[in-house]
Amino acid sequence: MLYGAETTEGARLTVRVLAAEDRNRDLFFRLARRLLLRHPADPGEQTALGAAEHELLMLVFAGRTGARVAEPVIAYPVTGSSALLVTVGQDAPVPDEECTDALLGAVWTSVARLQEHRLAHRALRPEHIVLAPDGKPRLTAFARAQLNAPPEVLGADLAELLATTAVRVGPTRATACALAGLGPTALATALPYLQPLALVGPARREVARYDQARAREAAQGSRRRTLRPGGRPNLMHDLAEEVRTACDAPAAKPAQLARFTWKSVLGLLGAFLVLHLVLPQLANAPAALDALRDADWWWLLAVVPVTFVSQAFSTCLQLGSVPGRLPFWPTYQVQFGSSFLNRITPGNVGGMALNLRYLQKTGIETGAATASIGVQSLAGAVSNAVVAAVFFAAAGQHHGGVHLDLPAGKYALPVIALLLAAGGLLGLTPPGRRFLREKVWPFLRSAGTTLTGIASDPAKLAIGVVGALGLPLVQVVGLALSLHALGGDLPFVQVGAAYMAARLLANAAPVPGGLGALEAGLIAALTALGVPAGPATSAVLVYRLLTFWLNVPLGGLALGFVRRRGYV
């Protein structure tokens, strides 16, 4: 907390109070940075007095570099494990309308002095720039500053100030002011760090809100606009282009700031998949190889296109769940990448996350993108139920339902109490109302707009229905072709009934793609319908090889491609 003070001689001072709670308040934030970043560079545990003394020392050193900073007076302990940090003057914050080129250039001149002496501020944002009584800017808030800072921390300083000033004055003006204060050589060092991971929480949220506002402005122009993959407004990308042009510098590879990357995470998931899911499947490999010796290869080759056709139907479902117009080919590639992630994550979580990211990168707001993913999941569930009901009826099978006798009163009161408690927290507390106003209502409005846009477009509905119904049907076709190639003889409607019954059971299994559960269910259903155990087992194994495992290499290649193209 900041207070103004005045001495008996009339000198004006600024007093900042530091308490132990201030340090504990950002504990989760510091823990997240340590887990996600390679070099978080956060200070260790400090008392309030230690933090005040650290900031005082940083202010003294920063002043010696020639940078214009707040002049320190004293750091002093007070009761309750708190401390005071006193600086000279009562400087005023800089309003957005007073962020002139001359003022920002002076700020960047001070930053240049800090960079020359390898002093990182680590919170370089406009709210930490104040106006001295002489009208010149000064830097404050050196609580997280670091001496002898490594290049990635110094580069993150430049990226943070560039991004947060660009939010106020635009990328072109922000870059021109930085160039005037730093010079081209120093400014070009920021290029590898113009990425979201280089920004701390408040700066990243500012940039995200700025990009979201630009995306909303673009969406207001036309509801049926054509969406461009990777075309979402991106301030950091715009800044990188401006800096490269201003400094006449070549494109720089982004610095590796993340502790975990896509490759490392996928490598871990792949190792888990091999150890716990794939190796047990190899026990059935001899039976599959024996079956292939007597298989009709022409019918087996006819199964291969099923993988590609199923992704086309998945693409149609994606296209039909977005009000705007998505291009088919990039969306098709993303669906292949999603299928790869679905092979190593349960419940199709990986694929949904990739599709959400893809829609966000096209410029769709998070609420609208989430609603689109929800529409796809709901359409898939409804289509599976419809196709299953049709096949069960056509196959002439009687499937009795399972009656679950759940006493509603046993769970009604706890559910009502939980809903009332949540409603009270959200509606009766200031943080809850702020959360509703800033997060929930915008999300619901975006989702409602998406659903309205889809429902009002018959072409979208038709494409979505074709995609939703085509996905299970093409899988049934693949199973029927595999069964015929291995010598099995079963009517198509019964193959469909067997597949849908096994699929409904496998969806409840907490394994990627129903691995193991679907195979067991298919073999049991086919043998129950009269197919000999040998052909049934071999047909299921070959079918899964050509429709499940073939997606792994193809989807991995597609995922790498869409990442390089900036689609996700």
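Quick note: residue numbers are just sequence positions, from 1.
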Measuring from atom CG of L124 to atom CZ of F142, what distance do you get when rounded to the nearest 0.5 angstrom? 7.5 Å

Side chains of V243 and L162, heavy atoms from C-beta outward: is any pair under 4.5 Å? yes

Report yes or no: do Q318 and T331 form a side-chain donor-acceptor pair below 3.5 Å? no

Close side-chain approach of V130 and V94, heavy atoms under 4.5 Å: no

According to salt bridge (charged side-chain N to carboxylate O under 4.0 Å, His left out), who are the partners of E241, at least two apart in sequence or on a separate chain? R244

For R232, is there an ion pair with D211 - N to carboxylate O distance below 4.0 angstrom? no

Please walk me through it: do D238 and R214 pass salt bridge (charged side-chain N to carboxylate O under 4.0 Å, His left out)? CA-CA 13 Å; D238 296 343; R214 290 200 295 167; 3.1 Å; yes

For the atom pair CG (N355) and CD1 (I373), what is the distance rounded to the nearest 0.5 Å? 4.5 Å

With a 4.5 Å cut-off on side-chain heavy atoms, are V86 and Y76 touching? no

Mind running side-chain contact (heavy atoms from CB on, under 4.5 Å) on D157 and V111 for me, showing each step along the way? CA-CA 9 Å; D157 258 8; V111 173; 5.8 Å; no

Mind listing the closest non-hydrogen atom pair of A52 and A83 along with its distance? CB-CB, 4.1 Å

Tell me if a side-chain donor or acceptor on R138 pairs with a main-chain N or O of A70 at a distance below 3.5 Å. no

Could you please spell out the steps behind the side-chain contact (heavy atoms from CB on, under 4.5 Å) verdict for L147 and M58? CA-CA 8 Å; L147 290 172; M58 295 299 102; 3.5 Å; yes

Just by distance, do the side chain of T14 and the backbone of T87 share a donor-acceptor pair under 3.5 Å? no

With a cut-off of 6.0 Å (strictly less than), are more than 12 heavy atoms of other residues, nucleotides or ligands near CZ of F561? yes

Would the distance check show the side chain of S321 and the main-chain N or O of V375 forming a donor-acceptor pair, the cut-off being under 3.5 Å? no

Please name the pair of heavy atoms, one in L85 and one in A75, separated by the smallest distance, quoted to 0.1 Å. CD1-CB, 4.4 Å

Across all chains, not counting sequence neighbours, the salt bridge (charged side-chain N to carboxylate O under 4.0 Å, His left out) partners of E206 are R168

Dump the intermediate steps for side-chain contact (heavy atoms from CB on, under 4.5 Å) on L114 and F61, then the final yes or no. CA-CA 9 Å; L114 300 180; F61 191 89; over 6 Å; no

Testing the basics here: between L235 and A166, what is the closest heavy-atom pair and its distance to 0.1 Å? CD1-CB, 4.0 Å

Side chain to side chain, V60 and P72, heavy atoms closer than 4.5 Å: yes

Does the H128 side chain pair with the main chain of A123, one donor and one acceptor, at a distance under 3.5 Å? yes

Using a 3.5 Å distance criterion without hydrogens, assess whether the side chain of H121 forms a donor-acceptor pair with backbone atoms of T140. yes

Hey, could you give me the NE2/CG distance between H54 and L18, rounded to the nearest 0.5 Å? 11.5 Å

If the threshold is 4.0 Å, N to carboxylate O, is there a salt bridge linking R68 and D134? yes

Testing the basics here: between V15 and A5, what is the closest heavy-atom pair and its distance to 0.1 Å? CG2-CB, 3.9 Å

Looking at side-chain heavy atoms only, is the closest gap between R122 and V153 below 4.5 Å? yes

Under the side-chain contact (heavy atoms from CB on, under 4.5 Å) rule, what do L161 and V107 come out as? Steps first, then yes or no, please. CA-CA 10 Å; L161 187 56; V107 170; 4.0 Å; yes

Residue pair T164 / P126: nearest heavy atoms and the distance that separates them: OG1-CD, 3.3 Å

Quick one, P233 and H237 - any side-chain contact, counting heavy atoms below 4.5 Å? no

Give the C-alpha distance, both sets of side-chain angles, the deciding distance and a yes or no for salt bridge (charged side-chain N to carboxylate O under 4.0 Å, His left out) between D101 and R173. CA-CA 7 Å; D101 292 356; R173 280 185 60 195; 2.9 Å; yes

Distance-only donor-acceptor pairs under 3.5 Å for side chains of residues 176-201, two or more places apart:
unit_1	atom_1	unit_2	atom_2	d
T189	OG1	A186	O	2.4
Q195	NE2	P192	O	2.9
Q195	NE2	A255	O	2.9

Nearest-0.5 Å distance that lies between atom CG in L84 and atom CD1 in I74: 9.0 Å

What distance do Q115 atom CD and S110 atom OG have between them, rounded to the nearest 0.5 Å? 12.0 Å

Atom pair CZ/CZ of R357 and R563 - distance to nearest 0.5 Å: 11.0 Å

Would you indicate whether the side-chain heavy atoms of S82 and P77 approach each other to under 4.5 Å? no

Any side-chain heavy-atom pair from E127 and P93 closer than 4.5 angstrom? no

Do you know the tightest heavy-atom contact between Y567 and P330? CE1-CB, 3.6 Å

